[in-house]
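Below is one structure; the comments refer to it alone.
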Protein chains: 2
Amino acid sequence: MRTEKKKRATKRRSGPPPTAKKLAIRRENVARILEAAEAVFATRGFSGATTAEIAERAGIPKPNLHYYFRTKQALYRAVLDDILTLWLDATSSIVAEAEPKAALRAYIEAKMAYSRTRPFASKVFANELLHGAPAVKGFLGGAMRRLVDDKAKVIEGWIAAGRLQPIDPHHLFFVLWAATQTYADFDAQITAVLGKRSLGEADFAQAAETVSALVLRGLGLKA
Amino acid sequence: MRTEKKKRATKRRSGPPPTAKKLAIRRENVARILEAAEAVFATRGFSGATTAEIAERAGIPKPNLHYYFRTKQALYRAVLDDILTLWLDATSSIVAEAEPKAALRAYIEAKMAYSRTRPFASKVFANELLHGAPAVKGFLGGAMRRLVDDKAKVIEGWIAAGRLQPIDPHHLFFVLWAATQTYADFDAQITAVLGKRSLGEADFAQAAETVSALVLRGLGLKA
DNA sequence: TGCTATCCTGACCAAATGGTCAAGATACGA
DNA sequence: TCGTATCTTGACCATTTGGTCAGGATAGCA
């Protein structure tokens with residue numbers, strides 16, 4: 001997955017380097033397509049998404065989309081690629097030197113903000129997991145697993161130092177992911193149950209507050 | 001959604017009542033189809049699922065499937081119908097007379113058991129929510145919303161009586177749903193991160209323990 | 001002003017898939 | 001045994017859709 005970040009376009013380049021304007025066109029079009037694809041994959045799923053709809057949303061004819069991304073699969077992979085990067089970056093606050101309470105609160109808030117600002121990304125990822133993660137299994141068992149093991153060690157260190165109630169760090173992460181991403185992935189359920197049309201800033205603030213309170217007190221980090 | 005539970009079959013009956021054996025055949029076939037459909041919808045999503053695959057999994061020819069369920073949509077609705085019933089039943093432990101700690105622990109354990117024993121059901125529901133809940137919006141905003149409002153009142157009662165730390169009861173439910181269902185919906189991620197092939201009883205026990213500990217202590221229900 | 005590489009697009013195609021149909025097979029009451 | 005309602009199924013069809021192609025437009029360089 002994490003390979004070949006730069007050559008997600010179609011044709012293998014061989015001749016002279018492309019000129020500035022051409023590069024700009026390419027970048028612009030690729031960006032539009034990726035954005036449209038993320039939205040369509042999020043709302044329709046991989047199978048439900050059509051390249052025609054993605055192209056229309058991107059404002060280009062379908063064959064032009066296929067010029068930049070040979071297959072729907074390749075486009076999907078590219079969308080996932082961007083999302084995985086986001087995913088890895090979110091854990092940055094969890095480091096041994098940090099103060100546990102502040103670090104965990106920051107993590108919860110970062111994940112919640114991600115649910116608010118990038119709901120499509122979260123949904124595409126959720127959909128991928130839901131269907132067995134065929135395209136990201138390697139990533140999950142590789143880079144991601146290593147990262148989580150790493151962060152789990154940090155948590156264990158805090159516990160050993162008596163700064164945190166004992167808990168299984170991996171399952172702690174699973175709960176945190178679930179509790180924060182649910183506001184993006186299952187917003188349809190949450191809005192319906194709350195009787196709202198959509199979730200606003202206040203709702204996300206309330207959500208972050210509830211999760212933080214529950215988790216922090218649950219870990220013995222609050223009176 | 002919740003209407004017409006009995007006539008999910010195709011032809012509108014008009015003549016004499018069907019005989020015992022016919023009824024048995026029908027029940028048997030409908031059950032097989034529903035079971036196969038739940039599995040296929042869970043792993044492929046609505047769009048990705050094909051009636052051919054469902055029929056094959058049910059061990060019948062495709063036209064026979066269409067004899068019992070006219071359209072893929074109708075079959076999907078029937079599958080969801082069963083799942084929604086399950087969903088509503090799970091909250092039974094949350095009643096005003098109950099002891100908060102035991103009631104919440106029972107709820108968490110019930111939801112976790114549901115994730116373990118009916119992962120396909122959970123996934124179908126998750127997939128439906130993920131894509132905007134087109135088929136269950138009515139249910140969510142109706143029966144389910146009323147139920148949750150009801151249970152939220154119970155929680156608020158406990159809080160008012162000083163038996164629980166103050167918390168937004170709706171968001172508490174969102175966290176509980178997310179934390180328990182994640183083990184069914186996103187098992188691909190959890191197994192990959194844990195480096196296991198699949199989740200066993202011990203994993204679910206550990207998960208339930210972690211969630212319980214976190215939530216109960218988070219609500220001030222544990223030393 | 002040519003020449004080349006990149007970009008754009010209308011028209012098209014093959015495969016997949018939801019659903020139909022008509023001709024049986026089966027159960028069972030009369 | 002006969003008649004009817006239900007059930008079964010091979011063959012078939014219309015539509016959708018991922019992907020192709022050939023020809024044209026555009027940018028940039030010599």
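All heavy atoms count here, side chains included; hydrogens, waters and symmetry mates do not. We name chains A, B, ... by the order of the sequence lines, and we start the count at 1 in each one.
- The CG-P distance, from B:N64 to C:dG19, rounds to 16 Å in whole Å.
- Relative orientation of the A:F186 and B:F186 rings is parallel, given thresholds of 30° and 60° on the angle between their planes.
- Across all non-hydrogen atoms, the minimal contact from B:Y114 to B:S122 is OH-N, 4.2 Å.
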Worked verdict on A:R116 versus A:D203 for salt bridge (Lys or Arg N to Asp or Glu O under 4.0 Å): CA-CA 10 Å; A:R116 174 152 168 67; A:D203 298 302; over 6 Å; no
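- The stretch residues 39-50 of chain A touches DNA chain D through A:A49, A:T50, each having a heavy atom within less than 4.0 Å of the strand.
- A cation-pi geometry, defined here as NZ or CZ lying under 6.0 Å from the six-membered ring centre and within 45° of its normal, does not hold between B:K151 and B:F173.
- Counting to the nearest Å, the P atom of C:dA27 and the CZ atom of B:R26 are 16 Å from each other.
- Residues that satisfy the side-chain contact (heavy atoms from CB on, under 4.5 Å) test with A:N127, not counting sequence neighbours, are A:H131, B:N127, B:L130, B:H131.
- Rounding to whole angstrom units, CD1 of residue A:I33 and P of C:dC7 are separated by 11 Å.
- When rounded to the nearest whole Å, the span between CG of B:N29 and C1' of D:dC7 equals 9 Å.
- Donor-acceptor pairing under 3.5 Å is recorded for the side chains of A:H170 and A:D149.
- For the pair B:L23 CG and D:dA5 P, the computed distance is 16 Å after rounding to whole Å.
- Rounded to whole Å, the distance from CZ on A:F69 to P on D:dT17 is 21 Å.
- Within the helix from C:dT1-D:dA30 to C:dA30-D:dT1, the inter-axis angle between the opening and closing five-pair segments is 0°, rounded to 10°.
- Using a distance-only test at 3.5 Å, with no hydrogens or angles considered, no donor-acceptor pair links the side chain of A:S93 to the main chain of A:A106.
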Collect all protein-nucleotide pairs involving nucleotides 19-21 of chain D in which both atoms are nitrogen or oxygen and the distance is under 3.5 Å.
from   : atom 1 : to    : atom 2 : distance (Å)
D:dG19 : OP2    : A:K72 : N      : 2.6
D:dG19 : N7     : A:K62 : NZ     : 3.0
D:dG19 : O6     : A:K62 : NZ     : 2.9

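- Rounded to whole Å, atom C1' of C:dA27 lies 16 Å from atom CD of B:E28.
- Heavy-atom contacts from other residues, nucleotides or ligands closer than 6.0 Å to CD of B:Q206 number more than 12.
- Taking atom CD1 on A:I25 and atom P on D:dT26, their separation rounds to 11 Å, with Å as the unit.
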Only pairs under 3.5 Å count here: list side-chain donor-acceptor contacts from residues 56-63 of chain A, not counting sequence neighbours, and write none if there are none.
none

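- Contact annotation: A:Y68 side-chain N/O to C:dT6 OP1/OP2 distance is not under 4.0 Å.
- For the atom pair CZ of B:R77 and NZ of B:K72, the computed distance is 14.0 Å after rounding to the nearest 0.5 Å.
- Every residue was checked against the salt bridge (charged side-chain N to carboxylate O under 4.0 Å, His left out) condition with A:D168, not counting sequence neighbours, and none meets it.
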